[in-house]
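Bear in mind that the values here come from a model prediction, so they are computed numbers and not experimental data.
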Amino acid sequence: MEAASLASYGLALLHPQGFELALGGHILTVLWKVFRAQRHLGDATSAGIVALGLASCLGFVCLKLWDQELAQWALFRRLTGHFWSKICDVLQFHCAFLFCVRLGSPHRSESVPRLSTNQRTGATDGDDKGDVDSVAPGRTRENRRGSSMSTEGQSGAMPPSKSCEQKSSL
């Protein structure tokens, strides 16, 4: 993947809009992977993070490409479009970090009910008793309706009282 990424920037040398073509290809690849991850693992919060990340990406691209045209506006004379594109770039990294933390949070599924394989695919065989997806990590079918079971001490998981946001600020 990294080799393809580096090789794609060779387009900048071969074509006047080569950089834009390579950047567009990278953005499309990332969007495809993000939407796939969101569809399989995401929830409403991660969808919001994706939307903010897309807005940051759009800001990065537009501000970078329109830097000279934006210079006619007073706001962009002192702090250029290139500067503001870097702000959007940092916001993209921040959104990517939040998205990965949200999808990787061990307690995410306790606050958001997961669909079983049958519910996701629309299957109607009526047998999902062996479906692991419908049970939150660190819990069994027997105690999933009862009190929350702390998983502290098991593979370094945080207790359910700590939220994803608290975890990311550590």
Side-chain angles (χ1 to χ4, degrees), residues 1-70 76 80-125 128 130-138 155-158 162-170:
M1 182 67 169
E2 289 82 12
S5 179
L6 289 173
S8 70
Y9 283 106
L11 286 172
L13 302 172
L14 301 173
H15 192 274
Q17 276 98 24
F19 177 78
E20 289 84 359
L21 292 170
L23 184 60
H26 286 122
I27 290 171
L28 290 175
T29 302
V30 168
L31 285 177
W32 176 66
K33 289 184 176 193
V34 165
F35 287 141
R36 218 174 73 190
Q38 173 63 27
R39 187 180 73 227
H40 293 292
L41 302 170
D43 57 18
T45 301
S46 62
I49 294 168
V50 169
L52 292 173
L54 288 174
S56 299
C57 181
L58 183 63
F60 169 76
V61 170
C62 292
L63 289 166
K64 187 161 238 20
L65 292 177
W66 298 335
D67 183 33
Q68 293 181 357
E69 292 83 2
L70 291 170
F76 295 100
T80 66
H82 181 77
F83 169 80
W84 291 112
S85 75
K86 295 303 174 192
I87 299 297
C88 289
D89 204 15
V90 170
L91 290 173
Q92 286 181 85
F93 292 131
H94 181 66
C95 290
F97 171 75
L98 290 177
F99 183 71
C100 291
V101 167
R102 180 70 183 175
L103 294 188
S105 175
H107 299 292
R108 175 183 55 82
S109 60
E110 287 183 7
S111 62
V112 178
R114 299 261 325 242
L115 297 177
S116 70
T117 303
N118 291 342
Q119 290 168 323
R120 278 194 303 256
T121 61
T124 57
D125 65 359
D128 70 342
D131 191 0
V132 178
D133 286 346
S134 61
V135 179
S155 70
M158 296 175 64
K162 299 227 176 181
S163 69
C164 182
E165 291 78 20
Q166 289 171 327
K167 182 179 174 185
S168 66
S169 67
L170 296 176

What side-chain donor-acceptor pairs closer than 3.5 Å can you find for residues 15-24, not counting sequence neighbours?
| unit_1 | atom_1 | unit_2 | atom_2 | d |
| --- | --- | --- | --- | --- |
| His15 | ND1 | Gln17 | N | 3.0 |

Restricting to side chain to side chain contact (heavy atoms under 4.5 Å, CB included), what partner residues turn up for Ala55, sequence neighbours left out?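 Residues passing side chain to side chain contact (heavy atoms under 4.5 Å, CB included) with Ala55: none at all.
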Could I get the full list of side chain to side chain contact (heavy atoms under 4.5 Å, CB included) partners for Val34, not counting sequence neighbours?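 For Val34, the residues satisfying side chain to side chain contact (heavy atoms under 4.5 Å, CB included) (neighbours in sequence not counted) are Val30, Val50, Phe99.
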Give the minimum heavy-atom separation between [X] and [Y], together with the two atoms involved.
{"X": "Cys95", "Y": "Ile49", "answer": "O-CG2, 3.3 Å"}
{"X": "Leu31", "Y": "Leu54", "answer": "CD2-CD2, 2.8 Å"}
{"X": "Cys88", "Y": "Ser56", "answer": "CB-O, 3.4 Å"}

Listed partners of Asp89 passing side chain to side chain donor-acceptor pair (under 3.5 Å), at least two apart: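 By the side chain to side chain donor-acceptor pair (under 3.5 Å) rule, Asp89 matches Gln92.
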Which donor-acceptor pairs under 3.5 Å do the side chains of residues 60-70 make with protein atoms, sequence neighbours left out?
| unit_1 | atom_1 | unit_2 | atom_2 | d |
| --- | --- | --- | --- | --- |
| Lys64 | NZ | His82 | ND1 | 3.2 |
| Asp67 | OD1 | Gly81 | N | 3.0 |
| Asp67 | OD1 | His82 | N | 3.3 |

Okay, side chain of Ser46, backbone of Asp43: is any donor-acceptor separation there less than 3.5 Å?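 Yes, the answer is positive, given that a donor and an acceptor are paired below the 3.5 Å cut-off.
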